[in-house]
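Here the structure is laid out as structure tokens; the discussion comes afterwards.
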Amino acid sequence: QVQLVEYGGGLVQAGGSLKLSCAASGGTFAMYAMSWFRQAPGQERQFVAAISMSGAKTNYVQSVKGRFTISRDNAENTVYLQMNSLKPEDTAIYYCAAERLGTLSTASYSYPNWGQGTQVTVSS
């Protein structure tokens, strides 16, 4: 099982940017499709973005298209989420997740491996 640790969360003003990182260990990183999810207080965990094992394919929830970019560095065992033009409604705990089927699924139950999450707060 791969272990995942997220970094890079924080407090930012609306319109600002943050870059999240998720470092993987304990598995062959290139064999996992990776995703980012987020969960705001009182809400269900929501899919944000996914990237294929090679990085050639990506998938985004509509609300972040054009603002967020998912990428990965298989040599560094790390997946990233560049977040630009942040809005208060982007405030949530952000989680990275990994799965080996490579479906780029938007369903959280498709991912057996999760990090502990990193808080992102966007002030208005």
Side-chain angles (χ1 to χ4, degrees):
Q1 293 280 7
V2 65
Q3 288 80 48
L4 305 172
V5 179
E6 299 95 336
Y7 301 93
L11 173 64
V12 64
Q13 288 188 332
S17 298
L18 279 176
K19 186 173 184 177
L20 305 183
S21 302
C22 172
S25 62
T28 304
F29 183 66
M31 294 179 67
Y32 290 85
M34 301 296 298
S35 291
W36 288 94
F37 285 75
R38 64 188 180 187
Q39 188 166 19
Q43 298 187 19
E44 294 186 354
R45 195 166 294 190
Q46 177 195 32
F47 169 81
V48 176
I51 189 166
S52 63
M53 298 167 185
S54 68
K57 296 181 181 180
T58 58
N59 187 23
Y60 297 91
V61 67
Q62 184 63 40
S63 61
V64 308
K65 283 184 179 178
R67 300 190 298 124
F68 290 11
T69 302
I70 189 170
S71 62
R72 66 189 295 160
D73 185 338
N74 285 348
E76 296 294 328
N77 293 345
T78 303
V79 63
Y80 304 97
L81 186 68
Q82 176 67 48
M83 305 185 294
N84 299 328
S85 302
L86 282 160
K87 304 175 181 179
E89 52 264 42
D90 295 318
T91 295
I93 299 174
Y94 282 70
Y95 300 89
C96 69
E99 59 89 4
R100 293 190 60 175
L101 295 179
T103 61
L104 274 61
S105 172
T106 63
S108 60
Y109 59 74
S110 298
Y111 296 85
N113 305 286
W114 292 86
Q116 83 290 347
T118 186
Q119 177 71 49
V120 172
T121 303
V122 184
S123 62
S124 57

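Values reported hereafter were calculated over all heavy atoms of this structure, with side chains retained and with hydrogens, waters and symmetry mates removed.
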**Asked** Do you know the tightest heavy-atom contact between S52 and A56?
**Response** OG-N, 3.2 Å
**Message:** Donor-acceptor pair, distance only, cut-off 3.5 Å: does the side chain of T118 make one with the backbone of Y7?
**Reply:** no
**Message:** Cation-pi check for Y32 against R72: NZ or CZ below 6.0 Å from the six-membered ring centre and within 45 degrees of the axis, yes or no?
**Reply:** no
**Message:** For a quick test of reading the model, state the closest non-hydrogen atom pair linking C22 to L4 and the distance between them.
**Reply:** SG-CB, 3.9 Å
**Prompt:** Looking at CD of E89 and CZ of R38, how far apart are the two atoms once the value is rounded to the nearest 0.5 Å?
**Reply:** 8.0 Å
**Request:** Please report the shortest heavy-atom distance between M34 and V79, naming the atom on each side.
**Result:** CE-CG1, 3.8 Å
**Item:** Steps toward side chain to side chain contact (heavy atoms under 4.5 Å, CB included) verdict (L81, T69)
**Value:** CA-CA 6 Å; L81 186 68; T69 302; over 6 Å; no
**Message:** Using only atom types and a distance under 3.5 Å, with no angle test, would you say the side chain of E6 pairs donor to acceptor with the backbone of G117?
**Reply:** yes
**Message:** A side-chain contact here means heavy atoms from C-beta on lying under 4.5 Å apart; do Q82 and S17 qualify?
**Reply:** yes
**Residues D73 and T78: side-chain donor-acceptor under 3.5 angstrom** = no
**Request:** Quickly, which of T58, N59, L20 forms a side chain to side chain contact (heavy atoms under 4.5 Å, CB included) with I70? Name it, please.
**Result:** T58
**Message:** So Y80 and K19, do their side chains get closer than 4.5 Å, heavy atoms only?
**Reply:** yes
**Prompt:** Any side-chain heavy atom of T121 sitting closer than 4.5 Å to one from V12?
**Reply:** no
**Item:** Min side-chain heavy-atom separation K57-I51 under 4.5 Å
**Value:** no
**Request:** Please work out whether the ring planes of F68 and Y94 are parallel, tilted or perpendicular, with thresholds of 30° and 60°.
**Result:** tilted
**Prompt:** Could you give the distance from CE (M53) to CG (L104), rounded to the nearest 0.5 Å?
**Reply:** 9.0 Å
**Asked** Which pair of heavy atoms, one from Q46 and one from S63, lies closest together, and at what distance?
**Response** NE2-OG, 4.4 Å
**Asked** Below 4.5 Å, heavy atoms only, C-beta onward: do V5 and Q116 meet side chain to side chain?
**Response** yes
**Request:** Using a 4.5 Å cut-off on heavy atoms from C-beta on, say whether the side chain of R67 contacts that of D90.
**Result:** yes
**Request:** Take V48 and Y60 through the test side chain to side chain contact (heavy atoms under 4.5 Å, CB included) and record every step on the way to the result.
**Result:** CA-CA 6 Å; V48 176; Y60 297 91; 5.9 Å; no
**Prompt:** Any idea which heavy atoms bring P88 and S124 closest together, and the distance?
**Reply:** CG-CB, 3.8 Å
**Request:** Determine whether P112 and E99 make a side-chain contact, defined as any pair of heavy atoms from C-beta on separated by less than 4.5 Å.
**Result:** yes
**Item:** Closest contact, heavy atoms only, A30 versus N74
**Value:** CB-ND2, 3.7 Å
**Message:** Can you confirm if the aromatic rings of F47 and F37 lie within a centre distance of less than 6.0 Å?
**Reply:** yes
**Prompt:** Do M83 and V120 have side chains that get closer than 4.5 Å, going by heavy atoms?
**Reply:** yes
**Prompt:** Distance only, no hydrogens: is a donor on one side chain within 3.5 Å (strictly under) of an acceptor on the other, for S105 and Y111?
**Reply:** no
